[in-house]
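Just so we're on the same page: letters track the sequence lines, and every chain starts at 1.
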Amino acid sequence: MYQHKTMDPQEAARLHEMRHTFSHLLAAAVQELRPEVKLGIGPAIDDGFYYDFLTDQPFSLSDLKDIERRMRKLAQAKHDLAPSSMGVAEAKALLAQRGEVLKVELVEDLAAQGETEVSFYGLGGFLDLCKGPHVANTKDLPLKAFKLDRVAGAYWRGDEKRPMLSRIYGLAFLTPEDLAAYIEQREEAERRDHRRLGRDMDLFVISPDVGKGLPMFTEKGTTIRRALERFIVDEEIKRGYLHVQTPILGRKHLYEISGHWEHYQDSMYPPINVDGEDYVLRPMTCPHHFMLYAARPRSYRELPVRYAEISPMYRKEKSGELSGLIRVMGFHLADAHIFCKPEDVKPVFREVVDLIGYVMETLGLAERCWYRLSLRDDHKEKYIDAPESWAMAERDMRDICEEMKLEAQVEPGHAAFYGPKLDVQMATVGGREETLFTNQIDIALAQRFHLEYIAEDGSRRMPWVVHRSSIGCLERTIAFLVEHYAGALPLWLMPVQVKVLPITDEQTAYAAQVKDQLERLGLRVELDDRKETLNRKVREAKMQKIPYLCVVGQREQQEGSVSVTNRDTDRKSTLPVAQFADAVLKEHVTRSRQLRAAGAA
RNA sequence: GCCCACGUAGCUCAGUAGGUAGAGCACUUCCUUGGUAAGGAAGAGGUUCAUCGGUUCGAUCCCGAUCGUGGGCUCCA
C-alpha cells in the first residue's frame, strides 16, 4: 500500500512523534465528549494512529466529525505535552481513582516487569500513562495533514476472550500533500483490487447460493489456473516430484493420528457420519501422502520421496475473515511432502527454497515478496512437545536462511504445531500481509504415523518430512498476480493473448484465417468481428489488457500481414503473420514477461 | 465469531423530510463498412429498492432479525 518516500531518520522520528501525539489528542477529545469512556492504548501506526476505547456504546462513523472538530479545537489551545513520572503505587492509585481499569492493568504489568516508576503525559486536563515521546506542544501538529479515518472493534490486548474495545483510526502525515497523496494511492489500490478486476475481467464468481468463501472460476479464470498448474506440475516433475492424487475426504481417525483433530479442529468442517464412521473434509493433504508412503516398505535408496499434488482442501473460517480469492473456505494448494533421511533435510530444504525462488522469478513476484521465518513462541501448548527436535529444526532453518542469504523476518509464534516454517509473504493492494507460499520442517508427524525406511545397515529408521507449497494456493496466487499486474498479466497467463480486429467485414475471412493460424500453435486468440468501429474494438481490447491486437484491413490482407499493437508499449508495427506467430509463440513458451513480438520499446 | 459501515437495473451511482423509482455504461434492434481508446437513433430492462418481520392509512426510506459485502480485531494458505 502506501510506500513512504525515503525519509531521513530524523524526519521519520518526528512523524512518529506527531502521530503519537495525535492519538493523545484523540483520546483527550473523546474524554471531553464522553467522559465515561475508558482508555485502552493509542499508538502511532504506518499511516497515522489509533486509540482504543472501552465503552458500552461503540463509536460509529458519524461520531468522527464531532471528535475531529474537538481535536482541532484542543490543538489550537496550544497545550504543552507535559511529561511527569511517579511511583508505581501512586500511578495505580491515580488511575484507579479515575476508573481507568485498563491502564491500571498496564501499570501492573510494568510493575511485574520490574518497573518502579512510570511516566505520564498531560495535555490540558487530560493525562495518559505513556512512555512518549511527543511533540512539545499541540501547536506543532499539522492540523491540515490529519483526518479521522474509520472505526473498528479490537479486542483488548488482541485477545478474543477479552472485551472488545472501540477503536478509532486516524490518518496523519507531515504535510497536507502527503495526506492527499496517500488517499489518492488508496483509491488507486482499490482499482487494482483483485475482487474488482476479477469481476471486470470475468475471472471468478462468488455466489451466495453456492456459499461464501467458495469461489468459482469462469472459463477465463480457469485458463489462468490451468496455465499455472501446467507450469508447476511440469516443473515439479522435472525436479523429481511424483505427482499423485488423493481424496478430499478422509476418516476423522486419520486426523486424530496426525494431531490435526487435536490442534486444528477449529479450522476443520464438522465430521460427516457415514454408516457409523466419521469422515472429514481434509484441511491438509499430509496424512494422505503419509499413507501413500507407508503403503509399502521403503529403502533408503529411494529417498527422498517427493509426493506432490494440486490438492483441493477445505478449511472452516470465521465469516469475518473471508476475502475474495485471498481468504476462502475451499481452495487448491500446490502441495508436496518430501520424505528424506534426517541427515538430508538441509539439501532437501535448499532444493525447496530454490524451487520457490524460481517460481517467484517466473511469476515476476520476486521483488514484491519477502521471507518469514516462523518459529515457536512461549505458548508451548500450541505445539508438539519435543524440545530437542524443535531446537534442531529451528537451527537447520536458520542455517539454510543464512547459507542461501535469505533475509528472513524472524517471527515467533507463527510456527505450525508440528514444526517451524519458512513462509513467503506478500502484501495485498490493501496493504494486508498474507502468506503466499509456506514450507515446513515436520518434526512430529512421521513418528505419529510410524513412518520408516530401511537404512544401509538394515535397521528401520524414521524419515523426516518437509511440507512445502511451490506456487501456493492457486486462488490466492491468482489474486496476487492480478493485483500485482493490475490485470495486465504476462502473456502466458492471459486468458486471451491475441485479439484479431478486422476493419470491415471484407476482412472477416482473412481475420479468421489469422486466428486459426495462431490457434494451431496453441495460442489463445479471439476474433472481434462485431459490426463496430475499429476505435471501439481497440478501446475495449485495451481495457481488457489484451497483450497483442492484430488489426487487419485491406492492406494486411493483400500482403498476408498483421498490424500489431503491443499492450505494454502501445507501439505498432506491421509484419507477416508467420513472423508474428513465431515471435508470440516464443514468448508464450518461454513465459516471457516482456512483450517484444511487435513494437518493442 | 466480535465491532463499525454498506446492500436501489449486469456495472457505477442518483433519489424520496415515509405517498407504490431514475441516469450513464453494458444489453437488444435499426442505420453507419469504419485504419488504432466510446459513430448515431430507438428499445428493453427493477417479480419495486438483499430477505423476512414490525411500526404506519401507506415503507425502498423508520425499527428488529436474517443473509451477503467491505474495513478492522482474532485466526490463517
Side-chain angles (χ1 to χ4, degrees), chain A residues 50 52-53 55 57-64 149-169 186 190 193 195-196 199-200 202 206-209 211-213 264 266-267 283-284 311 313 315-329 331-335 374 414 416 421 423-426 430-440 467 469 471-477 479 501-508 531-543 549-556 563-565 570-572 574:
Chain A
Y50 70 77
D52 286 343
F53 301 99
T55 169
Q57 287 174 288
F59 293 100
S60 93
L61 232 38
S62 52
D63 297 323
L64 296 189
D149 191 31
R150 55 197 196 275
V151 295
Y155 298 110
W156 170 234
R157 311 201 110 179
D159 183 344
E160 63 181 325
K161 294 191 179 58
R162 310 205 57 182
M164 174 151 290
L165 310 181
S166 182
R167 176 176 294 179
I168 297 177
Y169 282 97
R186 211 154 66 167
E190 227 168 89
D193 190 306
R195 289 166 294 195
R196 184 192 190 86
R199 196 187 52 219
D200 291 350
D202 188 27
I206 297 175
S207 153
D209 291 320
K212 55 187 174 185
Y264 204 74
D266 285 349
S267 300
M284 307 210 162
S311 307
M313 45 184 69
R315 293 186 189 172
K316 207 174 74 186
E317 296 281 352
K318 295 174 187 168
S319 60
E321 296 163 343
L322 301 171
S323 174
L325 289 182
I326 289 183
R327 282 297 290 283
V328 294
M329 304 234 257
F331 57 97
H332 296 76
L333 185 71
D335 205 0
S374 299
H414 285 275
K421 306 196 288 186
D423 302 315
V424 174
Q425 302 295 106
M426 189 162 165
R432 194 164 30 198
E433 174 178 345
E434 298 281 359
T435 299
L436 197 53
F437 317 139
T438 180
N439 309 285
Q440 302 138 17
H467 304 235
S469 79
I471 202 166
C473 91
L474 297 171
E475 287 81 358
R476 185 175 283 190
T477 299
L501 311 179
I503 292 173
T504 76
D505 47 16
E506 304 273 295
Q507 290 90 42
T508 307
K531 296 190 189 330
E532 285 295 346
T533 58
L534 182 64
N535 276 340
R536 174 157 215 114
K537 292 178 183 181
V538 168
R539 178 181 153 80
E540 288 177 11
K542 290 269 187 195
M543 290 199 305
L549 305 184
C550 288
V551 172
V552 298
Q554 204 178 15
R555 282 203 300 277
E556 289 77 11
S563 168
V564 185
T565 304
D570 208 35
R571 294 192 179 206
K572 302 165 191 55
T574 300

For this session: Starting from the C-alpha separation in whole Å, work towards a yes-or-no answer on side-chain contact (heavy atoms from CB on, under 4.5 Å) for Gln554(A) and Ile503(A).
Result: CA-CA 8 Å; Gln554(A) 204 178 15; Ile503(A) 292 173; over 6 Å; no
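- Salt bridge status for Lys531(A) with Asp505(A): present, with a side-chain N to carboxylate O gap under 4.0 Å.
- Within the nucleic acid shown, Phe59(A) comes within 4.0 Å of sugar-phosphate atoms alone, with no base atom in reach, counting heavy atoms only.
- A gap of 28 Å separates the C1' atoms of A77(B) and A5(B), to the nearest Å.
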For this session: Would you sketch RNA chain B in dot-bracket for me? Only Watson-Crick or G-U wobble pairs with both distances under 3.5 Å count, crossing pairs as [ ], other-strand pairs as |, the rest as dots.
Result: (((((((..((((.....[..)))).(((((.......)))))......(((((..]....))))))))))))....
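- Remark: Arg195(A) pairs with Asp193(A), Ser323(A) by the side chain to side chain contact (heavy atoms under 4.5 Å, CB included) rule, at least two apart or across chains.
- Looking only at distances, no side-chain donor or acceptor of Thr438(A) sits under 3.5 Å from a matching main-chain atom of Asp423(A).
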Exercise. Yes or no on side-chain contact (heavy atoms from CB on, under 4.5 Å) for Arg327(A) and Arg476(A), after CA distance, side-chain angles and deciding distance?
Worked result: CA-CA 8 Å; Arg327(A) 282 297 290 283; Arg476(A) 185 175 283 190; 3.2 Å; yes
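- Ion pairing between Lys318(A) and Glu160(A) holds under the 4.0 Å rule for side-chain N and carboxylate O.
- Judged by distance alone with a 3.5 Å cut-off, no donor-acceptor contact links the side chain of Arg167(A) to the base of C4(B).
- At G72(B), one or more side-chain N or O atoms of Arg432(A) fall inside 4.0 Å of OP1 or OP2 (strictly under the cut-off).
- Atoms CG (Asp52(A)) and C1' (C4(B)) sit 13 Å apart, rounded to a whole Å.
- A donor atom on one side chain and an acceptor atom on the other are not found under 3.5 Å apart for Tyr155(A) and Arg157(A).
- The base of A77(B) has none of its N or O atoms less than 3.5 Å from a complementary donor or acceptor on the side chain of Gln440(A).
- Taking a cutoff of 4.0 Å between a charged side-chain nitrogen and a carboxylate oxygen, Asp149(A) and Arg186(A) qualify as a salt bridge.
- Comparing the C1' positions of G72(B) and U51(B) gives a spacing of 27 Å, expressed to the nearest Å.
- The distance from atom CG of Leu474(A) to atom C1' of A77(B) is 11 Å, rounded to the nearest whole Å.
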Exercise. Arg167(A) and Phe59(A): side-chain contact (heavy atoms from CB on, under 4.5 Å), yes or no, with the steps?
Worked result: CA-CA 8 Å; Arg167(A) 176 176 294 179; Phe59(A) 293 100; over 6 Å; no
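- Between the CG atom of Leu325(A) and the C1' atom of U69(B) there is a distance of 15 Å, given to the nearest Å.
- A distance-only check finds a donor-acceptor pair linking the side chain of Thr533(A) to the backbone of Arg536(A) [under 3.5 Å].
- At A5(B), one or more side-chain N or O atoms of Ser60(A) fall inside 4.0 Å of OP1 or OP2 (strictly under the cut-off).
- Within the 4.0 Å cut-off from OP1 or OP2 of G70(B), at least one side-chain nitrogen or oxygen of Arg195(A) is found.
- G15(B) and U20(B): their C1' atoms are spaced 15 Å apart (whole Å).
- Counting distance only, with no hydrogens placed and no angle test, the side-chain atoms of Tyr155(A) and the base atoms of G72(B) include no donor-acceptor pair under 3.5 Å.
- Atom-to-atom, CD of Glu321(A) to C1' of C73(B) comes out at 10 Å; the value is rounded to the nearest Å.
- In this structure, Arg150(A) reaches the sugar-phosphate backbone alone: every heavy-atom distance under 4.0 Å involves primed, P, OP1 or OP2 atoms, never a base.
- The CD atom of Glu160(A) sits 12 Å away from the C1' atom of C76(B) (whole-angstrom rounding).
- Residue contacts shown for Tyr50(A) are absent, as no nucleic acid heavy atom lies under 4.0 Å away.
- In this structure, Phe331(A) packs face-to-face on the six-membered ring of A77(B), meeting both the 5.5 Å centre cutoff and the 30° plane limit.
- Spacing of C1' atoms, G18(B) relative to U56(B), comes out at 9 Å, to the nearest Å.
- As rounded to whole Å, 10 Å separates atom C1' of U12(B) from atom CG of Asp200(A).
- Counting to the nearest Å, the P atom of C75(B) and the NE2 atom of His414(A) are 8 Å from each other.
- Comparing Arg199(A) and Arg476(A) by the nucleotide of RNA chain B whose heavy atom lies nearest to each, the residue mapping closer to the 5' end is Arg199(A).
- When the C1' atom is compared between C67(B) and C11(B), the two are found 22 Å apart, to the nearest whole Å.
- Between Lys421(A) and the phosphate of A77(B), there is a side-chain N or O to OP1/OP2 separation shorter than 4.0 Å.
- Nucleotides A14(B) and G1(B), compared at atom C1', are 36 Å apart to the nearest Å.
- At a threshold of 4.0 Å, the pair Glu190(A)-Arg196(A) does not count as salt-bridged, since none of the basic side-chain nitrogens sits closer than that to a carboxylate oxygen.
- Spacing between A9(B) and U47(B) at atom P, rounded to whole Å, works out to 9 Å.
- Using a 4.0 Å cut-off between charged side-chain N and carboxylate O, Glu532(A) and Lys537(A) make no salt bridge.
- Within the structure, every side-chain polar atom (N or O) of Ser469(A) is placed at least 4.0 Å from both OP1 and OP2 of A77(B).
- Taking the P atoms as reference points, C25(B) lies 9 Å from G40(B), given to the whole Å.
- Going from atom CG of Leu64(A) over to atom P of C3(B) covers 18 Å, rounded to whole Å.
- Each of Ala154(A) and Met164(A) has a nearest nucleotide on RNA chain B; the 5'-most of these lies closest to Met164(A).
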Exercise. What does nucleotides 29-42 of chain B look like as a protein-contact string, B for base, S for sugar-phosphate only, - for none, at under 4.0 angstrom between heavy atoms?
Worked result: ----BBBBBBB---
